[in-house]
Amino acid sequence: MPSESNQRFPKQARITHQRDFELVFRSGTVAADNVLVVHAIRSESDRCRLGISISRRVGNAVVRNRWKRLIREAFRRQQDALPAGLDMIIRPKRGAVPDHDAIRRSVVYLSKKLDRRLPNK
RNA sequence: CCGGGAGGCAGGGCAAUCGCCGAAGCGGAGCCGCGCAUGCGGCUGGCGUUUCGGAGGAAAGUCCGGGCUCCAAAGAGCAAGAUGGUCGAUAACGUCGACCGGCCGCAAGGCUAGGGAAAGUGCAACAGAAAGCAAACCGCCAGCGGGAGGAAACUCCGCGGGUAAGGGUGAAACGGUGGGGUAAGAGCCCACCAGGACGGGGGGUGACUCUCGUCGCUUGGUAAACCCCAUCUGGAGCAAGAUCCAGCAGAAUGAGUCCGCUUAUGGCGGACGCGUCGUUGCUCGUGACGUCAACAUUCGGGUAGAUCGCUUGAGGACGCAAGCAAUUGCGGUCCCAGAUGAAUGAUUGCCCGCGACGCUCCCUUGGGAGUUUCGCGACAGAACCCGGCUUAUAUGCCUCCCGGAGUU
RNA sequence: CGGGGUGUAGCGCAGUCUGGCUAGCGCAUCUGGUUUGGGACCAGAGGGUCGUAGGUUCGAAUCCUAUCACCCCGA
């Protein structure tokens, strides 16, 4: 099992501080399709980090939890397919419905698009 | 069988793969301490692995009540607010239980902020004569004037009176019916009925209720209008609060005046003045702290962050006992989420429940049984913890009761 | 966690404190007039479960209770 892909999601892979969120929102690049909106900057390490931001307008707590879990799963299961070294904040597009397959496709597509746009270190 | 009423329970299941949070264990890694050393002990937002646990009946709304923590103190008064039949339950409540009164319903049952209006103040549009020290618009009544008409009876007009029985208005008009009485009338008097006050007796812990007597006493509504009465409430909240503290900025002390003591360019104490702070509506009482700056000396406070608070509790299920019940007592037994950009999940398959179209079989209309496919499976996510209340909720199930129809 | 506010015609608001007079005002809509036509202007009309449900009262947009939705603050 040396080549088994990494699907774990420890705390290092998350954005956990208010100031990091502010940094990404203020100085990050944005990409969006009709499902998700992604803000991103170059990370300080090679590891990708994920933050999820869901407004109260999206729905009640159950709906918001559903969004969070689907986005997290999409990130976790496809970590190796994503470009390295991005700090991303993902939030749902206004009016979108939470759909598993659509979110999976959207995460990969938008992160690659941002990787091309952001300058290399 | 039909219709209705009351209450309760459940809130999809299993498996596979990949994950998340917590606890405990093991392995290895790093660091620290001891030791000459093999090694031993301790620590860690770290790595791997194993086991165990991981959302709700409402976790929701945040409408009440507590625990807990802090506010120098929670002292007094005022203000403000809340509650409002009685008795009980409880840590407490605006909650719950039982009962009383009122209203609704054929009934089972349901609803009920339900203290005080003969303490005071206020309010009642329109209509109506009049809307609360009662009052005379029409009507009714006798009297006076003799003004008008008439043969007269009498009628009309005027005057000051009597009258709440009749009229119409209104949500509401100062008890109801009958009789007597009277000029006409009126609880003015009488009988019965309704209510009230007072007194006595029976029942009940009590709200209240039953009953007897006396008084003709009949005094309207509104307090979810002000108000009065009784009871209750200090405030803020786990982002409370405690501990360790980067950075940055800074703070404290020495030194207001007077007096006293003294180990004497200093130190200590007291008084006065001034200023600041403080219980979070106001006042009072009782307090705490400081005494310009420059300069010197010394360091505290505490932000980011981290840790604790943080889950064993008015706890759960069970049994026995007390009580109509809410609930309580005793016994052994169980440990059952603790996250913090925030875990408790994602995907797939099978099963389960419900619905629809179709097919097959049974059969008297109509239903029942089986089955393929498709669709649906609610409301909703712990954030310090409890007790309630309220609201949302697919579907399924259970118990008791009432009315009607029917069978034996 | 705590505090505050709003809900009335298609839109924006008043009326709520102190219950009754007609639920009013502006814009918009419709009809008519004016104009060659349009705009503007003039005249008139329609349009309201006063967020919802109970209650108090003779009577409720207004008072009380509960509830729903939305918005804004503070720590």
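Note that the coordinates shown come from a computational prediction; the quantities given were computed from them, not determined experimentally.
Note: CD1 (A:I90) to C1' (B:G341) measures 14 Å, nearest angstrom. We find that CZ of A:R104 is positioned 13 Å from P of B:G19, with the value rounded to whole Å. One can place CG of A:D87 at 16 Å from P of B:G341, the figure rounded to the nearest angstrom. Atom CZ of A:R72 and atom P of B:C18 are 18 Å apart (whole Å). Rounded to a whole Å, the CD atom of A:Q79 is 10 Å from the C1' atom of B:G19. Counting to the nearest Å, the P atom of B:A346 and the NZ atom of A:K68 are 13 Å from each other. Straight-line distance from the CZ atom of A:R49 to the P atom of B:G341: 13 Å, rounded to whole Å. Atom-to-atom, CD of A:E73 to C1' of B:A343 comes out at 13 Å; the value is rounded to the nearest Å.
For the OP1/OP2 pair of B:U344 and a distance below 4.0 Å, the side-chain nitrogens and oxygens of A:R69 include at least one atom meeting the criterion.
Taking atom P on both B:G220 and B:G158, the two are 40 Å apart, rounded to the nearest angstrom. Atom P of B:A240 sits at a distance of 39 Å from the matching atom of B:C9, rounded to the whole Å. Taking the C1' atoms as reference points, B:A164 lies 15 Å from B:U218, given to the whole Å. Nucleotides B:G323 and B:C87 have their C1' atoms positioned 15 Å apart, rounded to a whole Å. Taking atom C1' on both nucleotides, B:C188 is separated from B:G167 by 25 Å, rounded to a whole Å. Annotation: C:A23 and C:G47 have their C1' atoms spaced 14 Å apart (nearest Å). Distance noted for atom C1' between C:G19 and B:A225: 11 Å (whole Å). Going from the C1' atom of B:G285 to that of B:G77 covers 11 Å, rounded to whole Å.
In this structure A:E73 satisfies the side-chain hydrogen bond (donor to acceptor under 3.5 Å, both in side chains) test together with A:R76, sequence neighbours excluded. Every residue meeting the side-chain hydrogen bond (donor to acceptor under 3.5 Å, both in side chains) condition with A:R91, not counting sequence neighbours, appears here in chain and number order: A:H39. Among residues two or more places apart in sequence or in another chain, the side-chain hydrogen bond (donor to acceptor under 3.5 Å, both in side chains) test is passed with A:Q12 by none. By the side-chain hydrogen bond (donor to acceptor under 3.5 Å, both in side chains) test, A:N60 pairs with no residue at all, sequence neighbours left out.
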Secondary structure of RNA chain C per the Watson-Crick/G-U criterion (both distances under 3.5 Å; [ ] crossing, | other strand, . unpaired) is (((((((..((((......[...)))).(((((.......))))).....(((((..]....)))))))))))).
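For the residue pair A:G85 and A:C48, the shortest heavy atom distance occurs at N-SG, 4.0 Å. Between A:S53 and A:P92, the shortest heavy-atom contact is O-CD, 3.6 Å. Across every non-hydrogen atom of A:Q7 and A:Q79, the tightest pair is C-NE2, 3.8 Å.
Base-pair partner of B:A369: B:U360 (Watson-Crick or G-U wobble, both distances under 3.5 Å). Under the Watson-Crick or G-U wobble criterion, with both distances below 3.5 Å, B:G287 is paired with B:C277. Base-pair partner of B:C123: B:G221 (Watson-Crick or G-U wobble, both distances under 3.5 Å). Pairing partner, B:A6: B:U399, with both Watson-Crick or wobble hydrogen-bond distances short of 3.5 Å. Under the Watson-Crick or G-U wobble criterion, with both distances below 3.5 Å, B:A60 is paired with B:U390. Across all strands shown, nothing is found opposite B:G170 as a Watson-Crick or G-U wobble partner with both distances under 3.5 Å. B:A252 is paired with B:U297 under the criterion used here, namely a Watson-Crick or G-U wobble arrangement in which both key atom distances are under 3.5 Å. Across all strands shown, B:U214 forms a Watson-Crick or G-U wobble pair with B:A197, both key distances being under 3.5 Å.
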Using atom names, set out every protein N or O paired with an N or O of nucleotides 21-24 of chain B below 3.5 Å, distance rounded to 0.1 Å.
| from | atom 1 | to | atom 2 | distance (Å) |
| --- | --- | --- | --- | --- |
| B:C21 | OP1 | A:R14 | NH2 | 3.4 |

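Checked by distance alone, A:Q7 brings no side-chain donor or acceptor within 3.5 Å of a matching partner on the base of B:G19.
Residue A:L70 places its side chain closer to B:A346 than to any other of B:A346, B:A306, B:G341.
Sorted by first and then second residue, the salt bridge (Lys or Arg N to Asp or Glu O under 4.0 Å) pairs involving residues 104-119 of chain A (not counting sequence neighbours) are A:R42-A:D115. Among pairs with a residue in residues 60-69 of chain A, none fulfils salt bridge (Lys or Arg N to Asp or Glu O under 4.0 Å), at least two apart in sequence or across chains.
Hydrophobic cluster membership of A:L23, counting Ile, Leu, Val, Met, Phe, Trp and Tyr whose side-chain heavy atoms lie under 4.5 Å apart directly or via other members: A:I15, A:F21, A:V24, A:F25, A:I41, A:I89. Applying the 4.5 Å side-chain rule to ILVMFWY residues, one finds A:F9, A:V35, A:L36, A:V38, A:L50, A:I52, A:I54, A:V58, A:W67, A:L70, A:I71, A:F75, A:L82, A:L86, A:M88, A:I90, A:I103, A:V107, A:V108, A:Y109, A:L110, A:L114, A:L118 in the same cluster as A:V63.
For the segment residues 30-37 of chain A, the set of residues with a heavy atom within less than 4.0 Å of an atom of RNA chain B is empty. Using a 4.0 Å cut-off on heavy atoms, the residues of residues 52-67 of chain A that approach RNA chain B are A:I52, A:S53, A:N60, A:A61, A:V62, A:N65, A:R66, listed by number.
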